[in-house]
Protein chains: 2
Amino acid sequence: MPALPRPKHRPLRRPPPKPYHHGDLRRVLVDAALQLAERGGAAAVSVREAARRAGVSPGAPFRHFESRDALMTAVAEEAQRRFRAEIETALSEVPADQPLRRFRNFGLAYLRWAIRNPAYFEIISSGRYFDHDGAGELSRDNAELIAMSERMLAEALAQGALRTGELKPVLIAGRALVYGFARMNIDGHFRRWGVVKAETERTAEAILDLFIEGIAKRPPAAAG
Amino acid sequence: MPALPRPKHRPLRRPPPKPYHHGDLRRVLVDAALQLAERGGAAAVSVREAARRAGVSPGAPFRHFESRDALMTAVAEEAQRRFRAEIETALSEVPADQPLRRFRNFGLAYLRWAIRNPAYFEIISSGRYFDHDGAGELSRDNAELIAMSERMLAEALAQGALRTGELKPVLIAGRALVYGFARMNIDGHFRRWGVVKAETERTAEAILDLFIEGIAKRPPAAAG
DNA sequence: TGTGAATGTAAGCACCGATTACACTAATTG
DNA sequence: CAATTAGTGTAATCGGTGCTTACATTCACA
């Protein structure tokens, strides 16, 4: 049965149930947007629904985000922050003089994060929210991560650990491999033969190792 | 493209400026949807705009497609048809007893087609239009293409041309690599350092060769 | 204490997907 | 050759969306 309409008189000396000012609307909207993305993909995020969940009028979000894209950009920034933190934690576990092992940890952290945070990853990777006004930081941060991976492989090459002289194809192939796997996971290419997350992560590790074995110099034992 | 000024199927004396029946609305709608996708990505496709371009009322398309997704599925089917034709042409150029060369041609045709038909590829790959009612054929066709690539690599393995015993990681890595590159192209990861299509295709070829070299058995000269 | 900036609401715009009732045409059939 | 019927278009309408404008309320600070 429907709840009886409450008396309109404000409760005496009690904090009004709905203060005019929300207090932390921006934060709540970003969180709501993420929740919506987790449920139905980035395309299912709507400003109005986020406002609804925040218990606020449909126009209110536009005080904090000039457009839906701006909201999504904020989500992407939050995602990028967490992503980068995860990557740096993973890299801190390997000494700097082992570039190939660092590269492996980098890739593994990338894949794991993408698998465990598909909504975040979708929003980051779609690339739609990098070209807007406030997204300069996002692009720069992303470029830094790429540059880090480039440095690792350059060092590995300098140490003679790679079997190729040309670095550029290796870099792009590495990015494509890892990005492709993460996106296949998001785009439902694995749903068909129902994969659990743990198994997906093991597969991710396997293809990463395959790639590294492919670009690394073979153990000299075989070379006589 | 040459605009269709008027439908030709009413060869009566004076074709009225707007015959009540369009004649080939379904086809025109699919074409319009593709055009829209080419302009602003798959998300920019709207049934109403397609109807507008077909010179027809907003409700008309729903006589041919029960939903927007159904329209997109039709586009995906058309895309899949063309994609598969291209692949099979490419495969017909290599004899069946050279599985690794066939695999290379497969990958190359895949990448080239994805680069030259980004809108089609986005719609196919998004995976959103595979689970609907009429999409059984689409899924099946796609599964067949995957099975083909699997057979090629299995043959290569049987011939002793691969350096790994485990096929599954190689298969997934190959798919991820190629899919990842194609999607990076679509998602704008290459736009930043402005790449021409021809250059993109050369890069695609390079990473494909890198991958094949990585999984293939090294020439025994080095192992002696 | 007063005043402007910040941040909410209310109302309304255009566009969208989708449905329904109705109009017109083409094809089948008696 | 009519007459019916199935197919395909229009018109009007609904609820949802992004976004804007005008107005209301509250906060922060001079």
Side-chain angles (χ1 to χ4, degrees), chain A residues 8 10 15-30 32-33 35-37 39-75 123 128-129 132-134, chain B residues 4 6-30 32-33 35-37 39-75 123 128-129 132-134:
Chain A
K8 301 268 191 205
R10 298 178 47 191
K18 242 194 177 182
Y20 191 92
H21 280 74
H22 183 287
D24 199 8
L25 184 54
R26 186 186 170 95
R27 178 47 139 228
V28 170
L29 288 172
V30 171
Q35 278 185 299
L36 293 172
R39 243 195 114 281
V45 177
S46 90
V47 179
R48 286 179 110 96
E49 180 62 27
R52 221 168 281 131
R53 298 198 174 198
V56 99
S57 78
F62 292 90
R63 292 285 176 202
H64 300 270
F65 305 100
E66 67 172 355
S67 69
R68 180 185 180 278
D69 271 13
L71 170 60
M72 297 305 276
T73 299
V75 179
I123 292 172
R128 231 175 292 174
Y129 313 113
H132 265 266
D133 290 343
Chain B
L4 313 170
R6 60 197 56 221
K8 323 182 66 169
H9 9 63
R10 301 290 300 132
L12 280 175
R13 321 175 141 227
R14 284 168 295 125
K18 243 196 175 182
Y20 191 91
H21 281 74
H22 183 286
D24 199 9
L25 184 53
R26 187 186 169 96
R27 183 27 138 245
V28 171
L29 287 172
V30 171
Q35 279 184 298
L36 292 172
R39 244 195 113 283
V45 176
S46 91
V47 180
R48 287 179 109 94
E49 180 62 27
R52 220 168 283 131
R53 298 197 174 199
V56 100
S57 78
F62 292 90
R63 291 285 177 199
H64 301 270
F65 305 99
E66 68 173 354
S67 68
R68 178 186 182 278
D69 271 13
L71 170 60
M72 296 305 276
T73 299
V75 180
I123 293 172
R128 230 176 291 175
Y129 313 114
H132 266 266
D133 292 341

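Naming: A, B, ... by sequence-line order, numbering from 1 per chain.
When the nucleotides D:dT10, C:dG8, D:dG9 are ranked by their closest atom to the side chain of B:R63, D:dG9 comes out on top.
Atom-to-atom distance recorded for B:H22:NE2 and B:H64:NE2 is 8.5 Å, nearest 0.5 angstrom. We find the CZ-CG distance between B:F65 and B:L25 to be 8.0 Å, quoted to the nearest 0.5 Å. The CZ atom of B:R53 sits 12.0 Å away from the CG atom of B:L29 when rounded to the nearest 0.5 Å. The distance from atom OG of A:S57 to atom CZ of A:R48, rounded to the nearest 0.5 Å, is 9.5 Å.
Separating the NE2 atom of A:H22 from the C1' atom of D:dT25 is a distance of 16 Å, rounded to the nearest angstrom. Atom P of nucleotide D:dG16 and atom CG of A:L36 are separated by 15 Å, given to the nearest angstrom. Rounded to whole angstrom, the span from the CG atom of B:L29 across to the P atom of D:dT8 amounts to 12 Å. D:dG9 atom P lies 12 Å from atom CZ of B:R26, rounded to whole Å.
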Any protein N or O atoms within reach of nucleotides 17-19 of chain D? Criterion: under 3.5 Å, listing atom names and distances.
unit_1: D:dT17; atom_1: OP2; unit_2: A:R52; atom_2: NH2; d: 2.7
unit_1: D:dG18; atom_1: OP1; unit_2: A:V47; atom_2: N; d: 2.7
unit_1: D:dG18; atom_1: OP2; unit_2: A:V47; atom_2: N; d: 3.1
unit_1: D:dG18; atom_1: OP2; unit_2: A:R48; atom_2: N; d: 3.0
unit_1: D:dG18; atom_1: N7; unit_2: A:R48; atom_2: NH1; d: 2.6
unit_1: D:dG18; atom_1: O6; unit_2: A:R48; atom_2: NH1; d: 3.2
unit_1: D:dC19; atom_1: OP2; unit_2: A:R68; atom_2: N; d: 2.4
unit_1: D:dC19; atom_1: N4; unit_2: A:R48; atom_2: NH1; d: 3.2

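Residue B:I123 comes nearest to B:Y129 through the heavy atom pair O-CD1, 3.7 Å, listed as atom of the first residue, atom of the second, then distance. When all heavy atoms of B:V28 and B:A54 are compared, the closest pair comes out as CG1-CB, 3.7 Å.
For the pair B:H64 and D:dG9, the criterion of a side-chain N or O lying under 4.0 Å from OP1 or OP2 is met.
A 6.0 Å sphere centred on CZ of B:R39 holds no more than 12 heavy atoms belonging to other residues, nucleotides or ligands.
Summary for the helix from C:dT1-D:dA30 to C:dG30-D:dC1: the axes at its two ends, each from 5 pairs, differ by 0° when rounded to the nearest 10 degrees.
The backbone N or O of A:V45 lies less than 3.5 Å from a partner atom in the side chain of A:R68, making a donor-acceptor pair.
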